[in-house]
Amino acid sequence: MDSPALLWFRQDLRLADNPALQAVADRPLLPVFVLDDAAAGRWAPGAASRWWLRQSLEALGRDLAARGTPLLLVRGRAEIVIPALAAAIGAPEVLAGRLYQPWARERDRRVAEALEVAGRRLRLLTSSLLRDPARVMSGSGRPYAVYTPFAKAVAAMGEPDFPILPPARLRPVAAPPPGDTLDSLALYPVAGEPDWAADFPALWTPGEAGAQARLARFVAGPVSGYAAQRNDPGTEGTSGLSPHLHWGELSPRQVWHAVRQAQPGELSQPWPFLSEILWREFSYHLLWHRPEMPDRALRERFAGFPWQPDAALLRAWQRGRTGYPIVDAGMRQLWHYGWMHNRVRMIAASLLVKHLLQPWQAGAAWFWDTLVDADLASNSASWQWIAGSGSDAAPYFRVFNPVLQGEKFDPAGRYVRRFVPELAALPGKWLHQPWKAPAEVLRGAGVILGRDYPGPVIAHAAGRARALAAFAALRAGGHGLGDTTGDSMDPAA
DNA sequence: AGCCAATTGTC
DNA sequence: ACAATTGGC
């Protein structure tokens with residue numbers, strides 16, 4: 001069989017362990033990436049993701065070109081572009097890794113239809129998850145709604161298959177059609193790298209080689225102390241693999257087996273980390289079975305939650321000016337590096353939805369634009385989890401105390417001092433609650449509250465009480481809330 | 001993978 | 001006095 005194949009790269013920007021690439025065998029191959037923002041709509045990649053994507057496409061293009069099969073880049077509607085390319089090279093088959101976002105599922109259906117009209121077909125392979133979400137079902141034959149039984153079920157399916165090696169060589173098609181340039185995809189808002197990304201390269205190396213290097217570094221060190229170190233935002237205790245996994249520069253089973261090789265034997269040892277991989281799987285499981293997850297609360301009850309949308313409060317949170325140092329450190333780390341430590345994501349998200357009563361969708365939208373690892377499944381599931389509106393969510397009455405969380409997880413203050421430098425000279429005792437510091441301590445640290453650093457946007461006790469009252473009103477089935485802010489009431493529908 | 005106030009336990 | 005535990009939110 002020597003007919004050419006079209007290999008459609010989407011969120012599997014790698015050569016190793018790529019089932020679609022393996023399925024091509026040694027047929028002539030045209031690799032293509034299509035930037036189709038119109039199909040994705042609101043969920044087209046955000047700014048930080050586009051920065052990443054541009055670099056990753058550059059890397060993939062280099063890797064493919066080195067094997068004699070340059071990557072074709074095209075801007076446009078996939079259901080037009082893909083069938084046209086398949087026709088141009090006479091490919092009976094288009095191969096791609098399966099996507100799970102609602103918009104992508106719709107689009108794949110349209111692409112498949114357009115191909116079938118011309119007697120061709122779209123073959124989708126599982127390449128970005130350990131298990132296909134449709135294949136994991138509870139004993140009752142229904143999808144899982146709770147993480148723990150889901151994780152147990154996936155673990156009980158046994159270790160995933162070993163990764164596939166990258167192909168030794170690839171054959172190009174005889175006459176590749178012309179494509180667009182990387183620049184013309186306009187993944188950067190202006191020519192040259194955007195200035196907000198100035199420090200991204202210090203932390204990130206997008207592309208398959210960078211992903212492999214990051215994985216190797218993780219399994220050589222942090223993975224062994226993961227259970228203890230993962231909650232310390234001031235150290236590199238986590239893997240930092242999330243953006244690589246999002247774009248599929250690495251597959252979860254490559255990660256799984258690298259970790260298993262470092263920690264063979266009982267699954268319980270590497271479990272704290274592998275469990276995070278399974279949280280990602282669970283998020284995709286939820287997205288597949290509950291496609292409304294990015295937009296609407298999974299718990300019906302929350303449809304009537306009395307959120308109080310407020311542009312100024314949202315902006316203070318976005319800019320890292322809430323007056324809670326651990327939260328502000330996180331929001332600034334996010335802006336600076338396109339990434340935030342997971343522990344801090346929970347604290348910052350909790351403050352936004354509980355103390356500030358801002359709808360979780362507003363927080364999710366900000367993360368979508370600023371995170372290099374923005375992922376529709378993980379982002380939506382996690383925001384709903386923290387808001388209490390998700391399947392298997394944290395109960396709404398769990399309200400993080402940002403002072404206690406800061407003291408518990410950043411006891412030495414390394415993290416806050418790094419990202420909130422205006423507080424760097426404050427002694428540890430006051431670092432997580434500068435408004436309580438005596439005047440002479442503040443003076444000694446060179447801090448004037450309200451000028452150099454804001455006071456707390458809301459007192460913790462008041463914010464907590466208001467959040468619990470809102471929740472109580474919800475439980476009582478009422479839609480009103482006896483708040484004192486009057487006209488700012490605006491229950492989100 | 002919560003917080004907090006009340007209660008109980010220990011010196 | 002203070003720590004550990006508990007139950008409601």
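Lettering follows sequence order; numbering is per chain, from 1.
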- State which residues pass salt bridge (Lys or Arg N to Asp or Glu O under 4.0 Å) with A:Arg109; sequence neighbours excluded, sorted by chain then number. A:Glu106, A:Glu113
Sequence neighbours left out, cut at 3.5 Å: what donor-acceptor pairs do the side chains of residues 384-393 of chain A make with other protein atoms?
from: A:Gln384; atom 1: OE1; to: A:Leu298; atom 2: N; distance (Å): 3.0
from: A:Gln384; atom 1: OE1; to: A:Ser389; atom 2: OG; distance (Å): 2.8
from: A:Gln384; atom 1: NE2; to: A:Met293; atom 2: O; distance (Å): 2.8
from: A:Gln384; atom 1: NE2; to: A:Arg296; atom 2: O; distance (Å): 2.8
from: A:Trp385; atom 1: NE1; to: A:Asp392; atom 2: O; distance (Å): 3.3
from: A:Ser391; atom 1: OG; to: A:Ala145; atom 2: O; distance (Å): 2.4
from: A:Asp392; atom 1: OD2; to: A:Tyr147; atom 2: N; distance (Å): 2.8

- Across the strands shown, which category fits A:Ile386 at heavy-atom distances under 4.0 angstrom: base, sugar-phosphate, nothing? nothing
- Item | chain A contact limits on DNA chain B, taken 5' to 3' with a cut-off of 4.0 angstrom to heavy atoms | B:dA1 to B:dC4
- Query: Considering residues at least two apart in sequence or located in another chain, which fulfil the salt bridge (Lys or Arg N to Asp or Glu O under 4.0 Å) criterion with A:Arg290?
  - Reply: A:Glu292
- Query: What does A:Arg343 touch in the nucleic acid at a heavy-atom separation under 4.0 angstrom: a base, only the sugar-phosphate, or nothing?
  - Reply: sugar-phosphate
- Task: Name the nucleic acid region contacted by A:Arg230, choosing base, sugar-phosphate or nothing; use a 4.0 angstrom heavy-atom cut-off, strictly under.
- Result: base
- Task: Among residues two or more places apart or on two chains, list those pairs meeting ring pair (Phe, Tyr, Trp, His ring centres under 6.0 Å) that have a residue in residues 248-276 of chain A.
- Result: A:Phe162-A:His257, A:Phe218-A:Phe273, A:Tyr226-A:Phe273
- Message: Using the side chain to side chain donor-acceptor pair (under 3.5 Å) criterion, which residues pair with A:Arg10? Sequence neighbours excluded.
- Response: A:Asp108
